[in-house]
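Both ligands and their constituent atoms are indexed starting at 1 by order of listing.
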Amino acid sequence: MKIDQYSLLKEKLSSNKFSSIFVLVDDNTNKFCLDIFLEKTKIKQFKKIIINPGEQNKNIDTCLIIWDKLNTHKADRKSLIINLGGGVLTDIGGFVASTYLRGINFINVPTTLLGMVDAAHGGKTGIDFKLLKNQIGVFNDPLEVILDSDYLTTLSKDEFLNGYAEVFKHSLLTDKNDLNFNSLIKLDFYKDVGYIIDKYSQIKKEVVQKDRFESNHRKILNLGHTIGHAIESYSYKSSEINELKHGEAIIIGLITELYISHKQLNFPLSDLVNVKKNVLKYFKTVDLSDKDIEEIHNLMIYDKKNEGSKINFVLLKSIGEPLIDQETSKELFVESFKFYNSSL
Ligand SMILES: NC(=O)c1ccc[n+]([C@@H]2O[C@H](COP(=O)([O-])OP(=O)(O)OC[C@H]3O[C@@H](n4cnc5c(N)ncnc54)[C@H](O)[C@@H]3O)[C@@H](O)[C@H]2O)c1
């Protein structure tokens with residue numbers, strides 16, 4: 001798998017005759033991933049752009065730094081940006097490339113599990129704006145996505161698990177038969193990671209192919225994200241709870257949205273309890289007060305995926321049977337957090 005991908009990349013680089021190549025890294029991927037990438041690609045002529053890591057830097061200020069570097073090094077329409085990093089870096093690098101000179105080519109080389117199974121695919125690029133996640137951005141596909149689990153050896157355990165939130169989501173959306181949720185959680189998350197990346201990145205690609213601009217089917221990928229994004233945004237500004245990683249927030253979103261699915265669509269209680277019990281083996285529970293829950297509700301109203309003040313959810317009738325554009329009451333939303341906090 002890896003050899004083919006890198007030779008494909010080499011072919012692309014030689015056939016496209018790029019005028020210049022920029023490799024975008026953050027402090028961590030500069031330290032841990034760049035040498036591996038250069039060793040495998042044998043790229044010699046390139047300019048490196050380093051940004052600060054982390055969601056707090058997924059903003060317009062970081063874009064200004066990158067655009068400025070591109071300008072200083074006279075990047076033109078035939079230049080290429082290679083984004084070597086996690087979801088934050090591929091989101092921002094894709095956005096910068098898509099807007100510089102009205103769009104130059106970019107290639108994503110995800111270095112986190114979350115990036116490999118999700119963020120690097122599907123053409124959503126963007127940055128956060130004020131408190132809102134991914135509020136500014138464009139749809140634009142990378143020329144290529146290179147999937148190589150060798151980068152994961154230096155990833156912290158927390159970041160590794162963070163990626164599993166999206167793996168769980170993909171499984172709940174689609175796994176009816178071959179590898180279902182119950183067999184997924186029995187796998188060795190480290191040893192079987194290559195298989196997991198292949199399977200779950202493919203699921204994302206298939207969903208996106210059917211509905212690139214999220215007018216319909218692609219919305220299913222928002223399972224867990226309506227509540228999850230609001231919790232993530234809330235955690236950045238709140239002094240009441242610690243900052244949450246994307247995956248940690250999505251896990252809370254998945255459990256609460258499955259509870260709403262149970263109440264509204266008869267999603268089986270046994271599956272709900274099974275999912276909660278198993279995912280919480282890997283993620284710590286977050287204590288949320290009534291005031292926190294109220295503020296999370298307010299933030300959801302501003303989510304760009306909601307129309308007017310209507311909040312749209314993806315809910316499940318059963319595992320593998322998602323329904324989009326589902327509304328729910330504020331009461332049920334509040335109740336779902338009681339379930340999340342309960343010992344059930
Ligand atoms: N575009 C999409 O479709 C899409 C989908 C899902 C998530 N996302 C976005 O992805 C982002 C989260 O991505 P993430 O979880 O990859 O976070 P991240 O990019 O912040 O990476 C996590 C941390 O790991 C470090 N890191 C990356 N690779 C490493 C490696 N191999 N070894 C050691 N350290 C390494 C990074 O520097 C960072 O500190 C969020 O902003 C989310 O909105 C986008």
Can you tell me the protein heavy atom closest to [atom] and the distance?
{"atom": "atom 36 (C) of ligand 1", "result": "Asp26 OD2, 3.5 Å"}
{"atom": "atom 25 (C) of ligand 1", "result": "Asn28 ND2, 3.8 Å"}
{"atom": "atom 28 (N) of ligand 1", "result": "Thr111 OG1, 2.8 Å"}
{"atom": "atom 41 (O) of ligand 1", "result": "Glu55 OE1, 2.5 Å"}
{"atom": "atom 10 (O) of ligand 1", "result": "Gly87 CA, 3.3 Å"}

Enter the distance from Glu257:CD to Leu272:CG here, rounded to the nearest 0.5 Å.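 Interatomic distance, Glu257 CD to Leu272 CG, rounded to 0.5 Å: 12.5 Å.
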How long is the span from the CD atom in Gln5 to the OG1 atom in Thr41, to the nearest 0.5 Å?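 One gets 13.0 Å once the value is rounded to the nearest 0.5 Å.
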If you take the nearest heavy atom of each of [options], which one is closest to [atom]?
{"atom": "atom 42 (C) of ligand 1", "options": "Lys133, Lys245, Lys31, His121", "result": "Lys133"}
{"atom": "atom 7 (C) of ligand 1", "options": "Asn108, Asp118, Leu114", "result": "Leu114"}
{"atom": "atom 15 (O) of ligand 1", "options": "Asn162, Thr112, Ile250", "result": "Asn162"}

Part of [X] within contact of ligand 1 (heavy atoms, under 4.0 Å):
{"X": "Asn134", "value": "side chain"}
{"X": "Leu155", "value": "both"}
{"X": "Ala119", "value": "both"}
{"X": "Ser156", "value": "neither"}
{"X": "Asp27", "value": "neither"}
{"X": "Lys124", "value": "both"}

Flag [X] as yes when one of its N or O atoms lies below 3.5 Å from any N or O atom of ligand 1, and as no otherwise.
{"X": "Thr154", "value": "yes"}
{"X": "Gly85", "value": "no"}
{"X": "Asp91", "value": "yes"}
{"X": "Tyr151", "value": "yes"}
{"X": "Val88", "value": "yes"}

Just which atoms of ligand 1 are under 4.0 Å from any heavy atom in [X]?
{"X": "Thr29", "answer": "27 (C), 28 (N)"}
{"X": "Cys33", "answer": "30 (C), 31 (N)"}
{"X": "Lys58", "answer": "9 (C), 40 (C), 41 (O), 42 (C), 43 (O)"}
{"X": "Gly86", "answer": "16 (O), 19 (O)"}
{"X": "Pro53", "answer": "37 (O), 39 (O)"}

Salt bridge or not for Asp158 and Lys245, using N-O below 4.0 Å? no
Do Lys133 and Glu55 sit within salt-bridge range, that is, some charged N less than 4.0 Å from a carboxylate O? yes
Determine whether a donor-acceptor pair (N or O, by modelled atom type, separation under 3.5 Å) exists between the side chain of Thr125 and the backbone of Val138.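 Answer holds: yes.
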Return yes if some donor-acceptor pair links the side-chain N/O of Tyr340 with the main-chain N/O of Val286 below 3.5 Å, else return no. yes
Which heavy-atom pair separates [X] from [Y] by the least distance, and what is that distance?
{"X": "Tyr100", "Y": "Ala75", "value": "OH-O, 3.1 Å"}
{"X": "Ser233", "Y": "Leu299", "value": "CB-CD1, 4.0 Å"}
{"X": "Ser201", "Y": "His121", "value": "CB-NE2, 3.7 Å"}
{"X": "Ile197", "Y": "Val117", "value": "CA-CG1, 3.9 Å"}
{"X": "Leu80", "Y": "Ile82", "value": "CD2-CG1, 3.8 Å"}
{"X": "Asp27", "Y": "Pro53", "value": "OD2-CD, 3.5 Å"}

Stepwise salt bridge (charged side-chain N to carboxylate O under 4.0 Å, His left out) check, Lys291 with Glu295: CA-CA 6 Å; Lys291 184 174 154 277; Glu295 294 207 24; 3.7 Å; yes
Given the rule in the side-chain hydrogen bond (donor to acceptor under 3.5 Å, both in side chains) test, do Asp211 and Asn216 qualify, once you have shown the distances and angles that lead to the verdict? CA-CA 7 Å; Asp211 175 23; Asn216 215 329; over 6 Å; no
Cation-pi check, Lys69 onto Phe22 ring (under 6.0 Å, within 45° of axis):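 The answer is no, since Lys69 fails at least one limit relative to Phe22.
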Check whether any heavy atom of Lys204 sits under 4.0 Å from an atom of ligand 1.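 A heavy atom of Lys204 does come that close to ligand 1.
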